[in-house]
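We count ligands from 1, going down the list as the structure has it; atoms in each ligand are counted the same way.
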Amino acid sequence: MSGLRRTRVLSEKGHPPWSPGGNASEGVTTLRDLIRIHDSPSFLMEAHDALSAVIAERAGFKGLWASGLSISSSLGYRDANEASWSEVADVVERMAYAARIPILVDGDSGFGNFNNARLVAGRLRKRGASGICIEDKAFPKMNSFISDRHPLADIEEFCGRLRAVKDTVLDPDFVLVARIEALIAGHGQDEALDRAHAYAEAGADAILIHSRKSDPTEILAFAGSWQNRLPVVIVPTKYFSTPVAEYRAAGISTVIWANHNMRAAIAAMRNICNRIIHEGGIAGIEPDIAPLEELFELMAYDELAAAETRYLWPKAGNGADS
Ligand code: SPV
Ligand code: MG
């Protein structure tokens, strides 16, 4: 029996066999395993659509970050809850369809109160997400690097959002990350730690501590005090020059490269657009863009060709199940 036959049943994650990631789950690490406390941090790579998800998977990343900033940007929205949760969920579904590796979805502040948060988390799980990250801000949120005004949610009220997600999404593999914006909002370590303790009590599986400083002092101080009561997740967008060895030494569980596929795409697209304008054509750019063959390979066109021999002209005897 051919491999194609064996892949006819949908996987638990819902991959049809013809999706680029296929439905095999061998070798896939769960998000819960990635976000455990390890000797060395796990990496989650940003993706904002199915193509970027597949590219990250092929590069060897074990998990994805469905970034609110990047998904919003690719849809032409500001990262200020302009995109509806269902628009984000549509994108996540395409990512989960195309890639086999688990996806942690940036759930912003949960799109409202406890009721919205539990609804969104449940829908995202159904559509292929392996976890959700919810930040302790009010709705609508604003991207953490844009303004200085980030009103924080009341701790008790935010704990209600976390508890509601936990009580609603009963899948033990689904990961709930509580994101603390206290440092972003200009509060100190005490506020961040108080929140971390409360969110752990409310059932969070991990704590994301965010910082807008260009050095890692804040998050390292937090990690030193927190002592890994729950795994710590960080987003070193602003303190990008810090070596990963420092995170390893601090016991950081997971590092999110939060927007780097999107920013790489912006730079590449800007460059190629400018060149076509200035060079007056495409003769010179061919070596600098992905060959069409690479695109066809990423999207598994070979599987479609093989399926045609099975379903479209099975009697032709040209290779199907012979
Ligand atoms: C995102 O990628 O949307 C994030 C990270 O939430 S940040 O942009 O740093 O807020
Ligand atoms: Mg975000």
Legend entry - Interatomic distance, Ile101 atom CD1 to Leu44 atom CG [nearest 0.5 angstrom]: 9.0 Å

Legend entry - side chain to side chain donor-acceptor pair (under 3.5 Å) between Glu82 and Ser72, intermediate numbers included: CA-CA 8 Å; Glu82 290 184 345; Ser72 299; over 6 Å; no

Legend entry - His210 ring center within less than 6.0 Å of Phe145 ring center: yes

Legend entry - Under 3.5 Å side-chain donor-acceptor pair for Tyr77 and Glu87: yes

Inset, instruction - Could you note down all residue pairs passing side-chain hydrogen bond (donor to acceptor under 3.5 Å, both in side chains) where residues 49-67 supplies at least one of them, sequence neighbours left out? - result: Asp49-Ser52, Arg58-Glu297, Ser67-Ser70

Legend entry - Shell of protein N/O/S atoms around the Mg ion (ligand 2), taken as anything under 2.8 Å: Asp106 OD2

Inset, instruction - Give every residue pair that meets the side-chain hydrogen bond (donor to acceptor under 3.5 Å, both in side chains) criterion with at least one member in residues 285-295, sequence neighbours excluded. - result: Arg275-Asp288

Legend entry - Lys141 and Asp79 ion-paired at < 4.0 Å: yes

Inset, instruction - Assess the side chains of Gln189 and Ser225: does a donor N or O sit below 3.5 Å from an acceptor N or O? - result: no

Extract all N/O-N/O pairs under 3.5 Å that connect ligand 1 to the protein, and present each with both atom names and the distance rounded to 0.1 Å.
unit_1	atom_1	unit_2	atom_2	d
ligand 1	2 (O)	Trp65	NE1	3.0
ligand 1	2 (O)	Ser67	OG	2.7
ligand 1	3 (O)	Ser67	OG	3.3
ligand 1	3 (O)	Gly68	N	3.1
ligand 1	3 (O)	Leu69	N	2.7
ligand 1	3 (O)	Asp106	OD2	2.8
ligand 1	6 (O)	Asp106	OD2	3.0
ligand 1	6 (O)	Arg179	NH1	2.7
ligand 1	8 (O)	Asn143	ND2	3.0
ligand 1	9 (O)	His210	NE2	2.8
ligand 1	10 (O)	Arg179	NH2	2.9

Inset, instruction - Please confirm whether Arg161 makes a cation-pi placement over Phe158, using NZ or CZ under 6.0 Å from the six-membered ring centre and within 45° of the ring normal. - result: no

